[in-house]
Amino acid sequence: MAELVPLPLPLLLRRAFLEYRREGKIFDLPKSKFFRGIPGIDFSVDFHGHRAATPLGPAAGPHGQLAQNIVLSWLGGSRIIELKTVQILDDLKIPRPCIDIANVGYNVEWSQELKLEQSLREYVGAAMLIEILKASKLLGEDFSPGETVFDMSVGYNLEGIRSPRVRSWIESMKDASAVIAALRMGLNGYRDLPFPARISDTISLSTFHGCPAREIEGIVSFLLTELGCNVCIKMNPTLLGAGEVEHLLHDVMGYREIELSPEAFAKDLQFDEALDLVPRLQRVAQVHGKHLAVKFGNTLVVKNHKSFFTDEQMYMSGPPLHVIAMNLVKKFREHIETSIPISFSAGLDANNISTAVAMNMVPVTTCTDLLRPGGYGRLIRYLENLGAKMREVGASTISDYVKRYAGQEAALVAETTANPRYRWERNKGMPRKIGSKLWLYDCINCDKCVPVCPNDANFVYEAPAAAMAYDNFELLAEGVRRVPGGVFQLAKAHQLANYADACNDCGNCDVFCPEDGGPYVEKPRFFGSLETYRKYAGANGFYIDFTPPVTIYGTVAGESYVLALDPPANRARFETEAAVIEIRLSDNQALSWEAKAGAAPPGVVDMLPYLKLKVLVESVGDPRRVHFANVVGLEEVIRESAL
Ligand code: SF4
Ligand code: SF4
């Protein structure tokens, strides 16, 4: 299984600049999906005393983990970015696949898969990338994104959060000067940009399921008083009570196959405990000049009734969670005696953001919906729809808009609960599968696998569509002898590949690919270094070393090869596990060979792997398309980028 290997900041920058200039995209998000504001509408909001240009953002999850994900969220219009949850146990092995968004939305992934230090660099790097994009005017003189707030998410218990490593991690997010200084060293043009050192001073707290009230209180007090952070307590949907959740899920919405976990309801924070806890913690926050908020909410633990994951339990999100969380917000507000800011995350999408914002919830964050076809490109519709609704009711600011709906919360929630779009009948469908099997090349080219990947790990490359007849060569003591070969068929010019260092095998692209096998498994998997290629290539992996002579390392069907190209000399050096063969590039004629020490006599060399590697190195290396697998080899120096 591949491990996530974050890309260095200069490479991310180089890709962003080159890709935008050549293809009008950044990390595969087309510029038509960048949020550029809506004339006459001010979406800005206050969050924990900070101004943010929109109330929208990714929920702590896959869209807030790697630097490119955070930038993609931001390009789509997110201005309150909840970063993926970090915790002391930063070498967890998350079962794979871990995301099943086929219809309802389930997962078994939770905190970051990176080491704490890596997460810190990703979050700081993302903040720097955003500053550079703003300063560069790459996106146009009129691009005015406004303020962005980064919100940390930490978990899961007091002992872990108080540990020196997590504590120092939080301190480093509050003052990232040292990390910024180190990252600056890799930059040229923007090395001296005044990057803000305070990346974040707000924390959304994720507690483990079953976390006792006193432990939650201890953690929040610690974060408010000793670490001087503003805190948002993420509440579990179990707070609504088993009876009410079951009624909504089964009777109202018809998700009868979903089985609740009674232990989760018994052990999680109880409603009355929350009503006591929140005002007490608000007083602590006030005394220390900090802000406290609550978030509805977390995913819902349910029993695993499917075969996608192997765990006994899984976490439900998506449309049914939306209805449960909206009802919980209503109940909480009806009973809590103080006024407390509420943030929201549960099945948010472009069609319900207007209601969530009308209920005065900030931020409103999304995850499941962004894992569906279109990915980050779906975000812009959220804000367009919200803007349209604001216009409809004559509001030009969010606070005006909220005022228009004052006193209507119960009606809004009732409308949501009755809305058939959240019901099982409307959400039981599965993505279409057409019964064909993916392989290394060619597919139906729907391109769904590119935007559904939160890490932008899948990419398109152009190859020569052709049927190439080839000969094999018998390697003899006196030279080589041509023997019958076959035909290497590439039906389409438009091909898909995977950048394995950015792929965590979550499985989401498999769910939405109409063909079987999973793009991240079957398509050529490119690694960013020889080291990761050697470690994780398995039966299908490639690495291109762009230092001349350009060399591709490839494992095809479990056999490893190396191909070095020397076009000026019209020669290639092809290394199989048994021999090294010199080949004339223009007609793929083997010229000479040498046996490898200790290897069995090679007999006939199969030229099909040679052709596969040759096509891959030439087409993936083609600089007309910019992606993670070739960006290191693109030599253009862009004056104003920090390369
Ligand atoms: S690999 Fe699957 S999802 Fe990706 S373009 Fe091909 S058919 Fe579509
Ligand atoms: S390429 Fe597919 S499996 Fe890999 S991270 Fe992206 S969506 Fe997940």
Side-chain angles (χ1 to χ4, degrees), residues 1-7 27-29 58 61-69 72-73 84 94-102 105-109 112-114 122 308-309 367-378 430-463 465 490-528 532 536-538 540-542 625 627-629:
M1 184 169 70
E3 298 284 323
L4 286 181
V5 183
L7 277 111
F27 305 137
D28 281 309
L29 185 72
H63 303 96
Q65 176 155 239
L66 297 171
Q68 68 263 29
N69 310 18
L72 280 161
S73 299
K84 190 156 188 184
I94 310 274
R96 303 292 182 210
C98 59
I99 299 176
D100 175 11
I101 305 296
Y106 300 102
N107 75 78
V108 289
E109 62 121 52
Q112 94 282 16
E113 295 134 71
L114 303 175
E122 288 305 285
F308 198 79
F309 307 127
C367 178
T368 303
D369 185 56
L370 301 187
L371 292 164
R372 300 194 191 284
Y376 297 93
R378 298 168 77 91
M430 298 289 284
R432 191 176 63 108
K433 290 277 180 190
I434 57 175
S436 52
K437 174 86 174 71
L438 286 178
W439 69 294
L440 208 60
Y441 301 104
D442 299 331
C443 61
I444 64 164
N445 285 352
C446 68
D447 284 359
K448 279 186 187 153
C449 55
V450 177
V452 298
C453 175
N455 307 336
D456 188 29
N458 291 324
F459 63 94
V460 171
Y461 67 98
E462 304 291 331
L490 256 184
K492 297 182 177 173
H494 185 99
Q495 297 288 338
L496 277 296
N498 170 270
Y499 183 70
D501 280 3
C503 172
N504 59 2
D505 295 353
C506 75
N508 196 43
C509 54
D510 184 18
V511 168
F512 290 102
C513 175
E515 302 201 44
D516 295 327
Y520 73 108
V521 177
E522 301 296 340
K523 292 294 167 193
R525 297 164 66 234
F526 282 83
F527 290 85
T532 53
Y536 303 116
N540 162 21
F542 301 88
R625 281 199 182 257
H627 43 70
F628 290 140

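Below, all heavy atoms of this structure are taken into account, side chains as well, without hydrogens, waters or symmetry copies. Counting convention: from 1, in listed order, for ligands and their atoms alike.
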Lys84 side chain near Asn69 side chain, heavy-atom distance below 4.5 Å
no

From Asp516 atom CG to Ile434 atom CD1, the distance as rounded to the nearest 0.5 Å
8.5 Å

Note the single closest protein heavy atom to atom 5 (S) of ligand 2, along with its residue, its atom name and the distance in Å.
Asn504 OD1, 3.3 Å

Electrostatic pair Asp28-Arg625, nearest N-O below 4.0 angstrom
no

Output, by chain and residue number, all protein N/O/S atoms separated from atom 8 (Fe) of ligand 1 by less than 2.8 Å.
Cys446 SG

Between Phe527 and Tyr536, how do the two ring planes meet: parallel, tilted or perpendicular, split at 30° and 60°?
parallel

Identify the protein heavy atom lying closest to atom 6 (Fe) of ligand 2, giving its residue, its atom name and the separation to 0.1 Å.
Cys453 SG, 2.3 Å

Distance to 0.1 Å, residue and atom name: give those for the protein heavy atom nearest to atom 2 (Fe) of ligand 2.
Cys509 SG, 2.3 Å

Does the side chain of Leu7 reach to within under 4.5 Å of the side chain of Asp501, using non-hydrogen atoms?
no

Give the residue and atom name of whichever protein heavy atom lies nearest to atom 8 (Fe) of ligand 2, and the separation in Å to one decimal.
Cys506 SG, 2.4 Å

Angle class for the His627/Phe459 ring planes (parallel below 30°, perpendicular above 60°, tilted otherwise)?
parallel

Need the ligand 2 atom indices (1-based, order shown) with element for anything under 4.0 Å from a heavy-atom of Asn498.
1 (S)

Nearest neighbour in protein (non-hydrogen) for atom 4 (Fe) of ligand 2:
Cys503 SG, 2.3 Å

dist Lys523:NZ -> Cys509:SG (nearest 0.5 Å) comes out at 11.5 Å

Would you confirm whether the ring centroid of Phe542 sits within less than 6.0 angstrom of the ring centroid of Phe526?
yes

Pairing donors with acceptors under 3.5 angstrom, does anything connect the side chains of Asp456 and Gln68?
no

